[in-house]
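Everything on this sheet refers to the single structure shown next.
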Amino acid sequence: MLRFDRVFRDGGGFDTLLVMLALGYLVVFSAFPLIYNVVMSFQEVDLFSLASFDRPFVGWDNYSEVMGERVFTPIFWNTVQFVGLSVFFQLTIGFGLALFFQQDFPGATWLRGLFLAGWILPGLVVGAVWGWILAGDFGVLNYVLQSLGLIEGKIFWLSDPSVSLYSGIIANIWLGIPFNMILLSVGLAAIPADVYEAAELDGASRLHRFLTITLPLMRAQLGAVISLGVIFTLQQFDLFAALTRGGPSNASNVLQYWAWQLSFEEYRIGQGSVVSVLMILFVVIVAFVYVRSTRNEHAG
Amino acid sequence: MTQQITLSGIEKHYGGYHALKGINLDIPKGQFVALVGPSGCGKSTLLRTIAGLETISGGRIEIAGRDVTAVPPRGRDIAMVFQSYALYPHLTVEGNMTYALRLKGLSKAEAKARAAEIAEITGLSALLQRYPRELSGGQRQRVAMGRAIVRDPAAFLFDEPLSNLDAALRVHMRAEIRKLHNRLGATSVYVTHDQIEAMTMADHVVVMRAGVVEQQGAPLELYDRPANQFVAGFIGSPAMNFVPGRVGEDEQSVALDLAGSPVLRFAGRRPSGEAVTVGLRPEHLELGGAGGNSLTLPVALVERTGSASYIVSDTDLMIAATERVADGLGQVTVHIASERVHLFHPTTGVALR
């Protein structure tokens, strides 16, 4: 007993235990659900077979059924738009703000901290707040736009099929900006001031310094922020649940919300799993890019 | 000689802090000027105002006959070697060296040819395709030098460029920088806190303290005729000894405030009974009392470096002797030439001659 105790404390015993804990957590809560999801996408799953592992294997049937859905193509393009526009504006606005708060003015760090407030709000709350802002009849946004004379009549952000997707995108951009800004601020702060001074003496204008010093030195951070932005955007579920529920008639539906609708509203769990598997594949590719971009960091 | 850099009445305030107090400095073309002083004396700030990296609160800066007071750094045609080297981490050595040339509008081929030429001079030819992170400290230092030289600027500014190198390399690079300066016929301003660097490298040394120029001149002039006690103590290693004393009735000798009140003759005359601070350089105190004008001091400690022996007396007076000194020395008698005895005002520190 004493010997075991010594091995545990001084040998590799404790290290192994810690590794096993982390590994165990990953297996139970990540790997198993992931693999189980992939398995279900090849099975016929209904409410009666939900509790058993032994379900009929249907090959690629679920896949062809999902791809053959009339709404598949519009929902797919909605997702592309949602991710593309969200990440683009989160990044550009976040980067702009990071650069702005990098300037030395009184209260800069304090104000930057305030921006984080938006990020700690739960997605459902953000959705509810934006629901009021975007409301067609009494929404603040319509009031502001009308007061400024930018629009004639009211825009029904949440119920007009031509704009409902954009209401989700706007809310999501707002939600993602603080994260982008903070991560990019950290990257900017890591660039030594004297490198900029050297470039200034070498004849580089402000724009040149941004293009030839800031951007290349921020490559790793930008790669990380873009990859994480894509992943966070693909798992953005709460906003849709709170704002449009994918409607009207799937005009603002995206893959992640559709997967939930298939599995938990229509109980077509096999098909719901298919959508999830497609998204997992895409996320794996993005994660690979993320790992690559953080690995090639420049050391001083 | 034409002036390459002229500073007139440079003032710098940081909020309530007065960092530079009316600095005037003329730097002729081709001269190597060292700004030296303890940390916080304003020497780096002064250098950065020349570069344009700090705005000034008052005064005027001319570079190569042009008023550049309001010109941003990139319009001043000045190259700077930073203490941290500030190399562009994402560019190769060649990229670092061609960066400024490309901005100037040189073609890629022209810039590369020029970089190769300077790499030859600075011994970087084999390293052109390396990244800064793959270089040693000494090599990075060279790249910083090469990046400055390649631009052929109106003046070079150095901000403690050797302080991150080990001692042996520092001595080596000291000579190398000075040789490059001569070879290029450049005008250089060099900031250092190390008076040995300033003395050995510069044609003209500017000693600063608390935002004021205490004295400027040729290195040996500062050593031989320090204008005040601060400069006297700062220039020379080991530092000058200071002992309070009082001028004797003959107006040509001073009684030191030491045990036995020894009397030393000095060159010139001062009023009898005047209180003074007497400055004695350790290396001017020669062992053996021959020729009079001598002191006998109790020995507390002997430090040996091989080439010199530093004898420390019980009153912390230091004697730097070139000869070897035996152990167990109870006391030692030293001689000093009367023209080597410095006198300073006891409160203002101004040299009395």
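By convention in this document, chain letters (A, B, ...) are assigned in the order of the sequence lines, proteins followed by strands, and residues within each chain are numbered from 1. Please read all numbers here as calculations on a predicted model, not as lab measurements.
Dense packing is recorded around CZ of A:Phe237, with more than 12 heavy atoms of other residues, nucleotides or ligands lying under 6.0 Å away. A 6.0 Å sphere centred on NE2 of B:His18 holds more than 12 heavy atoms belonging to other residues, nucleotides or ligands. In the displayed structure, B:Lys21 atom NZ is contacted under 6.0 Å by more than 12 heavy atoms of other residues, nucleotides or ligands. Annotation for A:Tyr196: atom OH counts as buried by contact number, over 12 foreign heavy atoms lying within 6.0 Å. The 12-atom threshold is not exceeded at CZ of A:Phe288, counting heavy atoms of other residues, nucleotides or ligands nearer than 6.0 Å.
Only the backbone of B:Leu87 comes within contact range of chain A, with heavy atoms under 4.5 Å apart. Interface remark: B:Arg48 contributes side-chain atoms only to the contact with chain A (heavy atom separation under 4.5 Å). Within the 4.5 angstrom heavy-atom criterion, atoms from both the backbone and the side chain of A:Ala199 approach chain B. Proximity to chain A involves both the backbone and the side chain of B:Ile78, based on heavy atoms less than 4.5 angstrom apart. When heavy atoms are compared at a cutoff of 4.5 Å, B:Ala51 approaches chain A by way of both its backbone and its side chain.
Residues A:Glu197 and B:Met80 are not in side-chain contact: their nearest non-hydrogen atoms beyond the backbone lie 4.5 Å or more apart. A heavy-atom distance below 4.5 Å is found between the side chains of A:Ile213 and B:His90.
For the side chain to side chain donor-acceptor pair (under 3.5 Å) with A:Asp202, the lone residue among B:Lys104, B:Arg102, B:Arg151, B:Arg74 that qualifies is B:Arg151.
Between B:Ala86 and A:Ala198, the closest heavy-atom pair is O-CB, 3.8 Å.
Between the CG atom in A:Leu201 and the CG atom in B:Leu53 there is a gap of 5.0 Å [rounded to 0.5 Å].
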